[in-house]
Amino acid sequence: MLRVDGLSAWYGEAQALRDVSLTVGEGEVVTLVGRNGAGKTTLLRSVMGLHEGRVAGTVRLEDEDITRLPPHRRARRGLGWVQDDRGVYASLNVEENLRLPFSSGPHAWSLEQVYEAFPRLGERRHSPGTKLSGGEQQMLAMARVLRMGARMLLCDEPTEGLSPLLVKQIGAIIREARERGLSVLLIEQNVHFATSVADRHYLLAEGRIVESLDNAQVRAREHELLHYLGI
Ligand code: ATP
């Protein structure tokens, strides 16, 4: 689904990503883990075309080279950016927020599909964006991306700052997305959560991928990883 080859990125003269290569298969959930400043957000933003500095390397989505496309054209081809500020319009209610994205193509979810997968959003369809909890905003942000027909979701720490209950709900949503054949690349510092939703994990350090781990490897090395991540 997604193939990144030799990706490097700079902020001015400072190099933040160094020759990063990774893949995410169809229906696969993959996490990026690493200490603060390791380059996780820069990597995700570069894949979406949002990094403003210099970028080298290639990004392919379903075998198409999208390296030179601007973010909105990457979105049209199926890349979904689940915004960290959650991108919810506070003045609109849930349903208005869901109607707003331009939905097209065979993969765009209908409102009915959204409410089936996220019953909580159905219950709150008339609530304004300002009245939503953090978890509900996160659900709405994901649902909006699915309304646009995304097949590959990019999520920057979707569980950050959420209560354990909401983290569980976000986990259920990611698993649901996966069951529907969507692919997900997410930044996640919670190792338990990461192994509960994902298939594989890339460990980043100083802008490089230093290891690729499966769930069994992460569990076997949990203490070492927590210590390394400074958690
Ligand atoms: P965090 O979890 O703290 O967000 P991260 O792994 O996502 O960390 P990035 O935010 O991608 O890391 O940062 C990678 C490197 O790029 C760091 O050295 C950081 O200081 C630098 N960097 C990030 N944003 C900028 C910026 N706007 N201008 C200059 N340097 C930046």
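What's counted below: heavy atoms across the whole structure, side chains too, no hydrogens, waters or symmetry copies. When a ligand or atom number is given, it counts from 1 through the structure's own listing order.
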J.: Can you list every protein residue that has a heavy atom under 4.0 Å from any atom of ligand 1, sorted by chain and residue number?
T.: Tyr11, Ala16, Arg35, Asn36, Gly37, Ala38, Gly39, Lys40, Thr41, Thr42

J.: Any carboxylate oxygen within less than 4.0 angstrom of a Lys/Arg side-chain nitrogen, looking at Arg60 and Asp5?
T.: yes

J.: Using side chain to side chain donor-acceptor pair (under 3.5 Å) as the criterion, list what pairs up with Arg124, not counting sequence neighbours.
T.: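 Per chain and number, Arg124 pairs via side chain to side chain donor-acceptor pair (under 3.5 Å) with Ser127, Glu136.
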
J.: Can a salt bridge be assigned to the pair Glu157 and Lys40 using a cut-off of 4.0 Å between side-chain N and carboxylate O?
T.: no

J.: Do the charged groups of Arg3 and Glu26 touch, with an N to O distance under 4.0 Å?
T.: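 Salt bridge: no.
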
J.: Please list, chain by chain and in numerical order, all residues satisfying side chain to side chain donor-acceptor pair (under 3.5 Å) with Glu123, sequence neighbours excluded.
T.: Arg120

J.: For Arg77, give me all partners under side chain to side chain donor-acceptor pair (under 3.5 Å), at least two apart in sequence or on another chain.
T.: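 Arg77 satisfies side chain to side chain donor-acceptor pair (under 3.5 Å) with Glu64 once adjacent residues are dropped.
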
